[in-house]
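Everything on this sheet refers to the single structure shown next.
To find a chain, count down the sequence lines: A is the first, B the second, and so on, and within it residues start at 1.
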Amino acid sequence: MTEAAKEVFAVTGLSKVYDMGEVQVTALSGVDLTLRAGELVVLLGPSGSGKSTLLNILGGLDHPSAGRFFYQGRDLTSATDRELTDFRRYHVGFVFQFYNLIPSLTARENVAAVTEIAKQPMTPEAALALVGLEERLDHFPAQLSGGEQQRVAIARAIAKNPAVLLCDEPTGSLDSKTGIVVLEVLERINQELGTTTILITHNIVIAAMADRVIKLADGRIAGIESPTERLAARDLIW
Amino acid sequence: MRALDYKRWRDFWKMRGQVLAIGLVIASGVAIYVMSLSTLDSLTLTRQTYYRNYRFADIFISLKRAPASFKVRLLAIDGVERLRTRVVAVANLTVANFNEPISGHLISCPMPGEFSLNSLYLRQGRLVDPGCNDEVVVCETFAKAHSFNLGDSLAATINGRRKTLRIVGVALSPEFVYQLQPGSLFPDFKRYGILWMGRKALANAYDMDGAFNDLLIKLAKGTRPEAVIERLDRLLEPYGGLGAYARTEQISHRFLSEEFRQLEQMATIYPTIFLAVAAFLLQVVISRLITTEREQIAILKAFGYYDRAIALHYFKLVLMIVSVGVGIGLIAGLWLGRNLSEIYMDYYRFPFLLYTLHPRIVLFAVGVSLAAAGLGTSGALRRVVKLAPAVAMRPEPPATYRPSWPERLGLKAFFSQPTRMIIRHLGRRPFKALLSVTGIALACAILMVGSIFQDAIDYIVEVQFGLAQREDLTVTLVEPSAYRALLSLQRLPGVDYGEPFRSVPVRLRFRHRHYRTAVVGMPKDNVLHRLLDENLKPLKPPEAGIVLTDQLGSILKVKPGDRLMLEVLEGKRPQLEVTVAALSKEFIGVSAYMELASLNRLMGEDNLISGAYLALDESHLAGIYLSLNEMPRVAGTVARRHAVTSFYETMADQMLVFTFFIIFFAGIIAFGVVYNSARITLSERARELASLRILGFRRLEIAYILLGELAILTLVAIPLGFLLGYGLCAYIIYYLQTDLYRIPLLVEPGTYAFAATVIITAAVLSAGLVGWRIHRLDLIAVLKTRE
Ligand SMILES: Nc1ncnc2c1ncn2[C@@H]1O[C@H](COP(=O)(O)OP(=O)(O)OP(=O)(O)O)[C@@H](O)[C@H]1O
Ligand SMILES: [Mg+2]
């Protein structure tokens, strides 16, 4: 395998400016970044530093204002909406802070909603088993705790066997114990399935489980660190 | 089943109340459409089949007398395919146990086995034996009205001689689907009968041996009637022809066509309104749903669902709602259509009913409902497509509220916090509030249309029979008679006053328009039978010139001062120009009037009268009838009392049945709209209200915030509904005018009150249903799920 093929994402000079009429909000300016296959990357940074904006662009939810953006060597900078949709459909899994489950569907059906449109998915049951919810298949979101809901959301994100998993503050609304359960799941998926994972967090402790930590400030990369020793999620304490 | 299908079915079930409300509105539109059009189709098909199988003629003409041999000349006219000569006469009939005079219309009966025009549909018995001179076939309505059985007999005063006739058959004829006694405006089956007698017997009695006085013609395919009519009029003039006319001018056919046209109008106006309201409701509900689910939509998009697939998901939900409506509507429409057809059958005299439901009607109803739904929801579905997932993922920015204008005007101090919440909420989305108001107003408008007919009918009776036709009894003579005939009527015991009239069949022509009717001559000192001007003040018959009813004026498009051609169809048949002196206000009928003496002058005759209007002492009625029966020159009588009754019956049967449906369906609209807006407000504000509950607000206080909004919407909508309703009434009435009667636009206070009452009831009912939901508001569940 060549070096280039192992690069999952490559972005150069990436900027995002929100035009708000009178004011222009610069969310990202000149970000250069390369992410390698199988990496677990943690994105750190103060509120408003552009973390979510970067993640959304990487996930094909948003277009950059300037710069270029490659996924597995393919230039997606000026991809059409349809191409971005297909990119998300077959390659990306998302996890959000507020779970965003569909309230009228059970856990199993929430996962099925994604596996039905994927190319080589696992079964919803298998995905839910991976996150330890095999007993709660037919429960509706309203019948699950926050942590359980988040695990359903993760099952939903990984069930399609995505190449990359993008998580925006997955533990943001969970207590530390539940948070660690969720992180363990993410870790397992990263290690067992080799899914490239990007994880946004405000919690510096979590950075300890990353292969690399990228710090954002004011829309720029303020530093990239590679911890010498990667901690297991279960050993994190906060 | 796919995950999204589960979601759709669950959403569908969750909003079942709204689904039902919208479904019923759609169902109402579809039902009215299917009901009226299938009825119309069935009646049209029935009429067409009836006309064809019983060979309804194309051209009709009455004359004084022509020799039978003349038939050959007539057959030679270009375009005449077949003809039938008849002998037709009027006679007074007497039926045992019925003391009032009955007018009989005697027609020579087709021979058994004869392939004749206007042939008879025998319901019972047989045709008259040509060799027998006392057999008769009676029309079914008359037979039913008097419960005749085969073998019963009745007496007829034929040409002054009394003759007993034996009933051998009961029949119907395509020529009398709508049965109207000449000179009367509404059917009266008890006092007007059509009888078919053996031709020889009838000819003998009326001195018509080897002759005829009535002619039916069937045209060859593709022949235009005008040319044949002109030829006929010329050929038959020496024989006292009364002017040939085509089917379009044949009374029964014309009225039938007018009724059909009305039905068609109903079939378009009402469903249009209902489907428009349904489209509006769908728009509101689906928009709301999509706003609520914007994050779900975003997540589906984030996971790679195509825009199209998600839009389709919501469109299928719309389809499900529409299917509920169309399904119910089709079933109800079919059922109602069958029943309405039966009612019409009862009213018109068709021998059979061919009920049909054309697939085109069903397809069209489905198509139009879908189109309305598509139109209503296309905006919302476009929003689904346009929704950018990255934006939708972050929670919707908190709604921007501002102090409302009443507050800014300094009234703030008067409003409690909950009241401020109500007005600010309304003020935040004024367009949405306006839409809800419009929906409720539409329902109110339709309700008004429902009840104006009753008002109109009462008013017509009041004007027509209270102010204009004040005579108790109209007596028509067999033929124009000398003035002294009036004296013998006036002299009858119990007659207080008698006023003569002369009625002459004419054709009025103005430019290319023409109309066949009668000119009625009335004395200049008339007091019983009066004309009214537009302010309902009595209008004297003018010394010179002619008065037309306003309806006739608008048919011919003439105004006072115009000069029109008057072609008399009787006697010497003069043709001359007359000036329109005035238009008179009349709701029923289409006649022209002249002063009696000037009409006599025009006809070149000497004080002839066709009959008289009488004022009576009611207690002498029986005696008067008895004497009239003895007078050979009397052809028939019409009593005002019966005229009023048959008017009510005629109008009531059809108009009011239809009206009932409309009111019923409008109630559904009212409820559908009000309930939906209450339901949506509840779902929009459930979180807010639950939070308030948690803060310690009581249920009633919460209900006030929610239902107060509903109350304001309803109260604003009602006056707007009155306005819309008035317009709608005007529109509908404009389209429902017929030659037979015209419906005045008259919106009584009661109509407004009725509509408002129904709307308020619907609002209270919806409030109750929504209030019950507030009662059960699950605080934890509301706060747990993020909106
Ligand atoms: N749709 C938008 N319109 C205008 N400005 C936006 C929009 N989305 C983001 N921004 C701005 O861009 C900047 C970066 O936003 P972003 O959401 O990426 O921050 P973040 O690092 O994820 O912050 P947090 O940790 O609070 O989630 C912020 O200043 C934000 O206000
Ligand atoms: Mg963020």
Within this structure, what is the OH-OG1 distance for the pair B:Y306 and A:T85, rounded to the nearest 0.5 Å? 7.5 Å
A:L105 vs B:R10, test: side chain to side chain contact (heavy atoms under 4.5 Å, CB included). Steps then yes/no. CA-CA 8 Å; A:L105 295 182; B:R10 296 212 181 100; 3.8 Å; yes
If you look at every heavy atom in B:D11 and A:S104, which pair is closest and at what distance? OD1-OG, 3.5 Å
So B:I299 and A:R156, side chain to side chain contact (heavy atoms under 4.5 Å, CB included) or not? Walk me through it. CA-CA 11 Å; B:I299 203 79; A:R156 184 174 63 173; 3.5 Å; yes
Measure A:F87 against the heavy atoms of chain B and call it side chain, backbone, both or neither at under 4.5 Å. neither
Given that the side chain runs from C-beta out, which part of B:K14 has a heavy atom under 4.5 Å from chain A: side chain, backbone, both or neither? neither
Let's test your reading of the structure: which of A:R88, A:K160, A:H91 forms the most heavy-atom pairs below 4.5 Å with chain B? A:R88
Shortest non-hydrogen contact from B:K7 to A:I102? CD-CG2, 3.6 Å
Take atom CZ in B:R383; do more than 12 heavy atoms of anything else shown fall under 6.0 Å from it? yes
For side chain to side chain contact (heavy atoms under 4.5 Å, CB included), just list the numbers for B:R2 and A:I117, CA-CA rounded to whole Å, side-chain angles, deciding distance to a tenth of an Å, and then say yes or no. CA-CA 10 Å; B:R2 325 238 337 184; A:I117 59 167; 4.0 Å; yes
Whether over 12 other heavy atoms sit under 6.0 Å from A:D218 CG: no
Can you tell me how far apart CG (A:N110) and CZ (B:F303) are? Round to the nearest 0.5 Å. 9.0 Å
Assess whether atom CZ of B:R308 is packed by more than 12 heavy atoms of other residues, nucleotides or ligands within 6.0 Å. no
Roughly how far, to the nearest 0.5 Å, is CD of B:E295 from CG of A:L101? 11.5 Å
Please determine whether side chain to side chain contact (heavy atoms under 4.5 Å, CB included) holds for the pair B:Y6 and A:R108, giving the CA-CA distance in whole Å, both sets of side-chain angles, and the decisive distance to 0.1 Å. CA-CA 11 Å; B:Y6 282 116; A:R108 191 209 308 258; over 6 Å; no
Note: vs chain B, highest number of non-hydrogen pairs under 4.5 angstrom among A:D168, A:T115, A:V114 is A:V114
